[in-house]
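To start, the structure under review is shown below, and the notes come after it.
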Amino acid sequence: MSVVDDNVTTVLKRLSATEDGPDVNHSNEEGTKKDFMFKDFTLERACSSHPLQTLLGENITKHVPFIFAYRKGVVELSEKEDESFHRDNTADSSSEQLGGSPLKLQEFSSGVTIPNNSRKPSSSAPFMKPVSTNDARYLVSQYTFLCNPFMTATHTDLLPLWVYCDRQEHGDMLFLGTRQLSGKKRGNVLHMVTSRGPVQSIQDVPSHMRTLKKPQQIGNATVKVSAHYDIFGSMNKDESSAGSSFQGSLMVSSSWDRVTTLLEVPPVEAVTALDIQVAAGDVGSAVYSMFRELSILQGFASGLKDGCVSWAVESCSGKSLLEEVQTLTEDLKQGDALWQPTKDTKKDSTAVRKNEDESDVTSPVKSLALADRVDLDFTEKLWNILIDCSSYDELVKCFQYVLRILKNGELQPMVHASNHTQLAELVRASYYNKLVMPDLAGLLPLELLVEIGVEKLRRDYSHAFIDKDLVTADQLTYFLEKNLDLHEKLSRLEKLHNVLELVVMMKMFLNIPQITLSSAARQAMNHYQIHNVDPAHVFHIPVATSAVRGVFDTIQPHTWQVEMISNEQDAEVSSIYHISCKPPVDEMYSEPDTETSSDQHLLYYFTRMDSSVHIWE
C-alpha cells in the first residue's frame, strides 16, 4: 500500500489555503497565481479564465479555484526576449522558499496557455506541457489518501485537482481530475478525460468511446445538448463563397435536452440564437456604399481637427470635378425632376449588385439592396460629387462657382426644410437676393463639405431603416439628433451603420425572416444607446430554430456536445461527449492525411469525460 508523500501533502494544503490566509504570497498589486515545482512538473493554483474551463465548462467553473498540474515548456527567445526572460527569472529566484521542503514556491503571470507542441511559442510567456500518466495517477492517489478519513488523523479540505496527461502510457487519456465530496458523506469524485483526433468521421472513433450511455445506465439524468455552427468558418473552404472573406463572425448556437445519437441536428423545439460580431467595411456587403461614404466623411471631419485630409485620387475620366458641378447646375436650371444621378454617383451601389442573379427576385442579397433615394435636395446632390474631391483648391473652386451662380440668381435649387447646414441657409438667402458671399478661406470650405455630408447620411440611414421596415422613425430619434457636436453626430451614424451591417449579415447568409430582423435591429440600437462601437462585442440574437433549419442541413457543426448529469450516491456526476473541429488543447495529436481528407468536410476531435464516485464507509 502506498504511503502519503509529505511533500505532496504540503503542496496540496498550501495551494488549497484561502487567498486571505497566511500561506498565500501576494507579490504584486494585480494579483498572481501560486505554483510549486514538484519533480519536473508544476502544481498551480488556477482561478478564472483557465484553458480547461473552455473544454469542461460548468464542471470546472462550479469548482473554482482548483489545482492544475503540468510541466513548464521551454521557450526559444530572441536576444531581446532572452534579456527580459532573464530578468523575470532573477526576480523569481528571490521568491519565498518552503522551509524543510524541496518544493519551490514561485509567482508568475496568469498568461499561461496550452500550446501546439509542434510549433514554437510566439512569446516569452510560460506555457504548459503534459506530465506522464503515471505521475498523474500518483498525484491523484496522494490526493485520495489525504481525503480518506481512514488514512489521515484530521480532515483536510482540498481544492479540486486536475492533471494534464501526455497520452503516452494511455494513448487516449488527456486529463485526470478529482475533487472531494461536499456534505455528510466522505469520498471523492474521479474524472477521466479521453480524446481522439483529428478524424474525418465520428465513426473513426473507437466504439467504446463514442457510444452514448443508455437511459438505464444514467438513471434520472439531466441531459444538456448544444451545437454551434460557424457560418463564415464553413464558407472559408469555398473561396468563391461570399462569406469566405466576410469580416466579423456569425455563429448559430442551439441547445436542447434529449439526444439519441452523436452529432444529431437540433430539433425544432431547441433554443437557438445567433452570436454575431460585426466588422463593417466588407465590399460584399449590401451597404458597402454607405460605409464608403461614412468613412470618407469621417476623414474630412478629422481634417477639421488636424488640418490633414486624405483626398481622393484625381479622376482619369477627363472630366474635372468643377465640370461635374457645372453639369449638375445646368441640369437643375431645367428643373429638379430632370436631374438623375450620374454614373459616377451610382458606381458603388452598382458594384455591390453587379454579380446578383437578376432573375432571382427572392434572393436575400437582392431583397437587401437599398433603392437610390429620389428625394435628394441640392446639398445632397452636391455632396455626391464633392465626395470625390482631390484637393483643397478644387473644393474651393467648386464652392466659389456654386455661390456665384446663387448670388447672381441663376439658380434657386430646392433644399429640405429640415436641412439647416450653412450651405442650405445660403441657398434660402439667395431666394430673396440676400446672400452674402462668405470668405472661403481656412477651414470653412471643409466645414461646409462635412456639414452637407452629415446631413446627407442622416437622411440615408433614416431611409434605409424605414424603407426596410426595420424600425420606426421614433426609434431613430436618438441617433439622428441634431443638437450635438460633430464627433457625437459621426459616432451615432457609425452606430447606425453597424446595426445595418448586423441585419445584412443575418439576411444575406441565413435569410432570417423580417420580424426577426426588426427585433435584432431594435436590440442592437438599444445596445448602442449605452455603449460605443466595439468590434469585439458579440450580439446574442434569439431566433426560431425553424428559421435556421437550412443551416443544420447544409453545414457541419463547429462544436457539438452532450452532457449527462446524474446523481450517484448523493453526488452529482457528469458524462460529457464533446466534438469539435478544433483540438481540445493546442496540441496536434497527429497530422491528417492530406490525400484522403475531404475538402468538403471538417476534421473532428472527439473528447469524452467520465466521472465516478468513491465513498469511504
Side-chain angles (χ1 to χ4, degrees), residues 5 7-8 10-16 32-57 59-61 63-76 85 88-89 92 95 98 102-143 158-179 190-195 582-589 605 607 609:
D5 187 319
N7 292 330
V8 177
T10 303
V11 171
L12 294 176
K13 286 183 177 180
R14 283 190 61 94
L15 287 173
S16 297
T32 58
K33 294 180 181 179
K34 293 195 310 179
D35 69 274
F36 295 84
M37 296 302 298
F38 177 72
K39 293 186 177 181
D40 65 339
F41 55 91
T42 299
L43 291 168
E44 165 201 318
R45 180 189 177 107
C47 297
S48 59
S49 302
H50 193 276
L52 196 59
Q53 290 181 243
T54 303
L55 178 63
L56 301 180
N59 290 278
I60 294 295
T61 55
H63 304 287
V64 170
F66 59 94
I67 301 169
F68 191 68
Y70 63 96
R71 286 192 300 127
K72 284 189 177 179
V74 179
V75 186
E76 287 192 27
F85 187 68
D88 293 341
N89 282 340
D92 285 341
S95 299
L98 287 175
L103 307 179
K104 179 181 177 183
L105 169 65
Q106 50 181 229
E107 305 285 342
F108 66 94
S109 69
S110 59
V112 179
T113 58
I114 302 179
N116 180 335
N117 291 335
S118 64
R119 302 187 300 268
K120 294 181 181 179
S122 59
S123 72
S124 59
F127 67 96
M128 301 178 187
K129 295 178 66 175
V131 305
S132 70
T133 306
N134 285 339
D135 281 339
R137 286 172 171 162
Y138 172 74
L139 278 175
V140 170
S141 68
Q142 293 300 305
Y143 182 101
L158 299 176
L159 295 177
L161 171 69
W162 285 91
V163 189
Y164 181 23
C165 303
D166 65 4
R167 305 165 57 85
Q168 296 300 316
E169 294 89 352
H170 190 300
D172 297 322
M173 189 177 295
L174 186 60
F175 295 103
L176 271 180
T178 183
R179 62 178 173 85
L190 180 65
H191 307 286
M192 184 171 69
V193 179
T194 54
S195 186
K582 290 186 176 180
V585 295
D586 254 353
E587 177 190 67
M588 298 298 293
Y589 310 133
Y605 295 84
T607 305
M609 187 187 83

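Here CE of M609 is found 10.5 Å from OG1 of T194. Values are rounded to the nearest 0.5 Å. Note that CG of L161 and CG of L43 are 7.0 Å apart. Values are rounded to the nearest 0.5 Å. Separation of atoms OG1 (T133) and CG (L176) is listed at 7.0 Å; rounding is to 0.5 Å. Between the CE atom of M192 and the CG atom of L174 there is a distance of 11.5 Å, given to the nearest 0.5 Å. In this structure, the separation between CZ on F175 and CZ on F68 is 5.0 Å, given to the nearest 0.5 Å. Between T42 atom OG1 and I67 atom CD1 the span is 13.0 Å, to the nearest 0.5 Å.
When atom types are taken as modelled, the side chain of R71 and the backbone of P130 share a donor-acceptor pair closer than 3.5 angstrom.
H191 is listed as a side-chain neighbour of W162, based on a closest heavy-atom distance under 4.5 Å.
A pairwise comparison of heavy atoms in A136 and V163 identifies CB-CG1, 3.5 Å as the closest pair. Annotation for P65 and L159: closest pair O-CD2, 3.6 Å, computed over non-hydrogen atoms.
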